[in-house]
2 protein chains.
Amino acid sequence: MDTALKALAEPRRREILRLVWSDELGATAIADRFPDVSRPAISQHLAVLREAALVTERRDGTRRLYRANPQTMAELRRFLDDFWTSGLERLRDVAEAAEHRARSRPGHDTDPDTRTDTDTHTDKETH
Amino acid sequence: MDTALKALAEPRRREILRLVWSDELGATAIADRFPDVSRPAISQHLAVLREAALVTERRDGTRRLYRANPQTMAELRRFLDDFWTSGLERLRDVAEAAEHRARSRPGHDTDPDTRTDTDTHTDKETH
DNA sequence: GCATTGAGTAAGTTGACACTTACGTAAGTC
DNA sequence: GACTTACGTAAGTGTCAACTTACTCAATGC
């Protein structure tokens with residue numbers, strides 16, 4: 001998953017992914033869209049995308065046709081959605097915790113020094 | 001925007017971002033969460049996040065308090081959502097831009113199930 | 001078989017980057 | 001003013017990654 005994000009962080013690879021999103025394209029056809037870069041460079045980018053499972057490869061004669069892998073894209077999207085929303089949940093948790101404190105201990109709502117310890121994060125990236 | 005994605009591609013920076021998502025934390029407090037890395041390393045990570053506008057900095061005495069910048073996060077999320085969902089339309093843009101050399105022919109019937117109504121999005125990556 | 005096409009691989013270069021230690025510095029404390 | 005705290009910055013190092021050119025390899029056509 002980390003591999004996929006790193007692969008996506010490269011603009012050229014995002015372009016490539018867009019090219020093979022709906023169309024199956026051979027490596028040469030892809031490289032032709034990038035006149036400023038050599039064909040082996042594209043080949044290496046494709047290898048990175050393939051290792052990240054962001055594209056699938058299919059052989060047809062001497063050609064290798066690439067296409068975006070929607071499954072990995074969906075997984076990555078879910079991972080990022082989790083990333084965004086987990087933060088929001090943390091915000092909500094903090095707010096609720098504050099509310100609980102205020103409600104269960106009326107008159108003692110100031111507890112400023114123990115507040116910054118939110119050790120409640122589940123390690124989502126190590127898998 | 002590209003800067004933000006690259007900043008996010010680093011796992012350690014994602015962790016930092018999560019830490020300061022809801023809480024404002026000083027650089028030392030953040031660095032204390034990462035016993036395996038030196039404090040200057042965290043400082044440099046924070047600089048990257050700051051340049052990407054993923055965090056905001058506020059000074060309080062000798063301390064600098066960091067917090068996640070929800071605006072940039074939202075922009076980045078929108079950018080990625082665009083990437084997932086409108087990949088098809090964007091691909092068509094690229095294809096048509098490449099074919100712009102060809103004469104504009106009315107009734108040109110290549111790819112009958114692709115329709116071109118994508119005038120509404122301007123280049124979102126270059127800013 | 002042999003040349004051609006379509007592609008990955010090898011090897012080297014360059015630059016970015018994630019770190020390290022050492023130092024500099026602004027703001028409070030005495 | 002001297003000291004401490006809380007940082008950032010400088011300078012150096014090792015690693016990785018995005019390229020390049022040169023080559024190798026597999027499938028097809030003749």
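The chains referred to below are lettered A, B, ... by the order of the sequence lines, with proteins before strands, and numbering in each begins at 1.
The interatomic distance linking B:Ile16 (CD1) with D:dC7 (P) rounds to 13 Å, in whole Å. B:Leu49 has its CG atom 13 Å from the P atom of C:dC17, to the nearest Å. Here the C1' atom of nucleotide D:dA17 and the NZ atom of A:Lys6 are 11 Å apart, to the nearest Å. Here C:dG6 presents its P atom at 16 Å from CZ of A:Arg58, a figure rounded to the nearest Å. For B:Ile42 and D:dT9, the CD1 to P distance is 15 Å, given to the nearest whole Å. In this structure, B:His45 places its NE2 atom 12 Å from P of C:dC17, rounding to the nearest Å. Residue B:Asp60 contributes atom CG, which lies 18 Å from atom P of C:dA26 at whole-angstrom precision. Going from atom CZ of B:Arg64 over to atom P of C:dT25 covers 13 Å, rounded to whole Å.
Considering only side-chain N and O atoms, A:Arg12 lies under 4.0 angstrom from the phosphate OP1 or OP2 of D:dC19. Dashed line: the shortest gap from a side-chain N or O of B:Ser38 to OP1 or OP2 of C:dT20 is under 4.0 Å.
Remark: the B:Arg63 side chain and the C:dG28 base include no donor-acceptor N/O pair separated by less than 3.5 Å. One cannot find a donor-acceptor pair under 3.5 Å joining the base of C:dG6 and the side-chain atoms of A:Arg59.
Nearest nucleotide to the A:Pro40 side chain, out of D:dC7, D:dA11, D:dT21: D:dT21.
Of the possible donor and acceptor atoms, one in the side chain of B:Arg14 sits under 3.5 Å from a partner among the backbone N and O of B:Leu8.
Residue-level contact check: A:Ala41 touches the bases, meaning some heavy atom is under 4.0 Å from a base atom. Looking at heavy-atom distances under 4.0 Å, B:Asp36 makes contact with sugar-phosphate atoms alone, never a base. Contacts of A:Glu10 with the nucleic acid, taken as non-hydrogen atoms under 4.0 Å apart, involve only primed sugar atoms and P, OP1 or OP2. Counting any heavy atom pair closer than 4.0 Å across all strands shown, B:Val37 reaches sugar-phosphate atoms only and no base atom. B:Tyr66 comes within 4.0 angstrom of the backbone, heavy atoms only, and of no base.
The closest side-chain heavy-atom distance from B:Arg12 to B:Asp36 is below 4.5 Å.
Hydrophobic clustering of Ile, Leu, Val, Met, Phe, Trp and Tyr side chains at less than 4.5 Å, counting indirect connections, keeps A:Ile42 apart from A:Leu65.
Both B:Arg13 and A:Leu65 sit near DNA chain C, but only A:Leu65 has its closest nucleotide nearer the 5' end. Nearest-nucleotide mapping onto DNA chain D: of B:Ala29 and A:Thr62, the residue sitting toward the 5' end is B:Ala29.
Remark: of the listed residues B:Arg63, B:Arg58, B:Arg59, B:Arg58 is the sole one forming a salt bridge (charged side-chain N to carboxylate O under 4.0 Å, His left out) with B:Glu24.
Within the structure, the salt bridge (charged side-chain N to carboxylate O under 4.0 Å, His left out) test picks out the following pairs touching residues 42-53 of chain B (sequence neighbours left out): B:Arg50-B:Glu57.
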